[in-house]
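In each ligand, atom 1 is the first atom listed, and ligand 1 is the first ligand listed. The structure displayed is predicted, hence computed values, not measured ones.
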Amino acid sequence: MSANARAVPVASRYSRRVVEERDPHAELLADFRAGMLEPPRSLPPKYFYDARGSQLFDAICDTPEYYPTRLEAELLERHADAILEASGARTLFELGSGTSRKTEYLLAALERRVPAPRYVANDVCGEILDEAGARLLRRFGALQVDSLCGDYAAALGHLDESPAAASDGPRLFCFLGSSLGNFEDDEAGALLTRIRAAMNPEDRLLLGLDRVKPRPVLEAAYNDAAGVTAAFNLNLLSVLNSELGADFDPEGFDHHAPFVEEHSRIEMHLVSRRDQQVQVTELEARLEIAAGEIIRTEISRKFSREAVDRLLALAGFEQETEWSAAEDWYSLFLLRPLAG
Ligand SMILES: C[S@@+](CC[C@H](N)C(=O)[O-])C[C@H]1O[C@@H](n2cnc3c(N)ncnc32)[C@H](O)[C@@H]1O
């Protein structure tokens, strides 16, 4: 804790705003209608993250098989000062920040550089933002934390109204945990383009991406022996039950997460163990799900160098620096937004 930790009351150093462009419940209904009524069934991964889902994701990060968090943390620990130096940032803005545990390396480096550091955290899960905020304020005595609760697009849309907009100097946008890999190429390109549109020319983006590696390592990471990823995947059904008045039976599904080489991605599946019917009260719908049928709950892309280059070109970013771990198993990219 820095020397002036007691000088500024904690409460005045934290704010949380809800930023939503669309009503989250209406959006879930629309996504459910679009993806779940008929096979092939799928949902966007953001619905995993109620308070329990966020805790389970945190527990996944601690499993021995889940190398992405470990490798990204090692890179951040080793290069945080260089990243802050290269970006010249005075403010950090993070999309999908979760617990912000790895971000602490960057915040420590930021605190070493600037007397009044600011951190703007965005996540769909309000509980995790508040918990992380409280922890960060205890550790970093001069840090101002502003949380934007809502999805990526809404946070980017409201960034200019947040106190971070008032801070002078360059900002470091962070998108870590390979969360960009949850999107197909066109959606990932659109999200990166949206990020670029929210950036000033002197801002930089730190993008963490998981890379291609041997199948056994990949599949072990998403099928951990303790069953934490399985519990995380199945928790989605509890979210749907409570949000939509559905009666999914979590015992009726198995977790399965194969590496699909053709698309260079892990796919998270819930596989129906039997023929079953699911009632969804809010939609007045009944799903007929056959034994063996799959609900795809997430994709997690593994990027080749070519795929990275293609995305950056598509979205108008130029790479300034790359830091890679363990024979390119995981990479951090410091990116400059191109004009236009
Ligand atoms: C895979 S976790 C990564 C967390 C953290 N960045 C890390 O690297 O450990 C994804 C995080 O993004 C949040 N999230 C998922 N979809 C989101 C969305 N569409 N908009 C905002 N946050 C989202 C989740 O709540 C979760 O905390």
Counting only heavy atoms, which portion of Thr99 has something under 4.0 Å from ligand 1: side chain, backbone, both, or neither?
-> neither
State plainly whether one hydrophobic cluster holds both Ile60 and Val239, where clusters connect Ile, Leu, Val, Met, Phe, Trp and Tyr through side-chain heavy atoms under 4.5 angstrom apart.
-> no
Counting heavy atoms only, name the option from Gly96, Ala73, Ala154, Pro68 that's nearest to atom 4 (C) of ligand 1.
-> Gly96
Could you list the atoms of ligand 1 found under 4.0 angstrom from a heavy atom of Gly98?
-> 27 (O)
Is there a heavy atom in Ile128 that sits closer than 4.0 Å to ligand 1?
-> no
Selected option - heavy-atom contact closest to atom 27 (O) of ligand 1, from Val19, Leu129, Asp123 | Asp123
Atom 16 (N) of ligand 1: closest protein heavy atom, distance to 0.1 Å, is Lys46 CB, 3.3 Å
When distances are taken from atom 15 (C) of ligand 1, the protein heavy atom at minimum range is Tyr152 OH, 3.6 Å
Are Phe232 and Phe48 near enough that their ring centres are under 6.0 Å apart?
-> yes
From the candidates Phe175, Phe57, Tyr49, the one that places a heavy atom nearest atom 10 (C) of ligand 1 = Tyr49
Let me see the working for Phe93 and Tyr119 under side-chain contact (heavy atoms from CB on, under 4.5 Å), right down to the final yes or no.
-> CA-CA 6 Å; Phe93 166 57; Tyr119 176 49; over 6 Å; no
For atom 7 (C) of ligand 1, the protein heavy atom that lies nearest, with its residue and separation = Lys102 NZ, 3.3 Å
For Asn122, the ligand 1 atoms whose distance to one of its heavy atoms is below 4.0 Å | 21 (C)
Give the atoms of ligand 1, by number and element, whose distance to some non-hydrogen atom of Gly177 is under 4.0 Å.
-> 8 (O)
Any side-chain donor paired with an acceptor under 3.5 Å for Ser324 and Tyr330?
-> no
Classify the ring geometry between His269 and His256 as parallel (under 30°), tilted (30 to 60°) or perpendicular (over 60°).
-> tilted
Less than 4.0 Å between a side-chain N and a carboxylate O, is that true for Arg90 and Glu202?
-> no
Atom CD of Glu282: over 12 foreign heavy atoms under 6.0 Å = yes
Counting from 1, what ligand 1 atoms have a heavy atom of Val124 closer than 4.0 Å?
-> 14 (N), 18 (C), 20 (N), 21 (C), 22 (N), 23 (C), 25 (O)
Within a radius of less than 6.0 Å around CZ of Arg22, do more than 12 heavy atoms belonging to other residues, nucleotides or ligands occur?
-> no
Cationic N near anionic O, under 4.0 Å, Asp62 to Arg101 = yes
Give a yes-or-no answer on whether the side chains of Ser100 and Glu104 include a donor-acceptor pair shorter than 3.5 Å.
-> no
Within a distance under 4.0 Å of any heavy atom of Ser179, pick out the atoms of ligand 1 and give their elements.
-> 1 (C), 3 (C), 10 (C)
Is the shortest distance from a heavy atom of Gly150 to ligand 1 less than 4.0 Å?
-> yes
Asp151 neighbourhood, listing ligand 1 atoms whose heavy-atom distance to it stays under 4.0 Å | 18 (C), 19 (N), 20 (N), 21 (C)
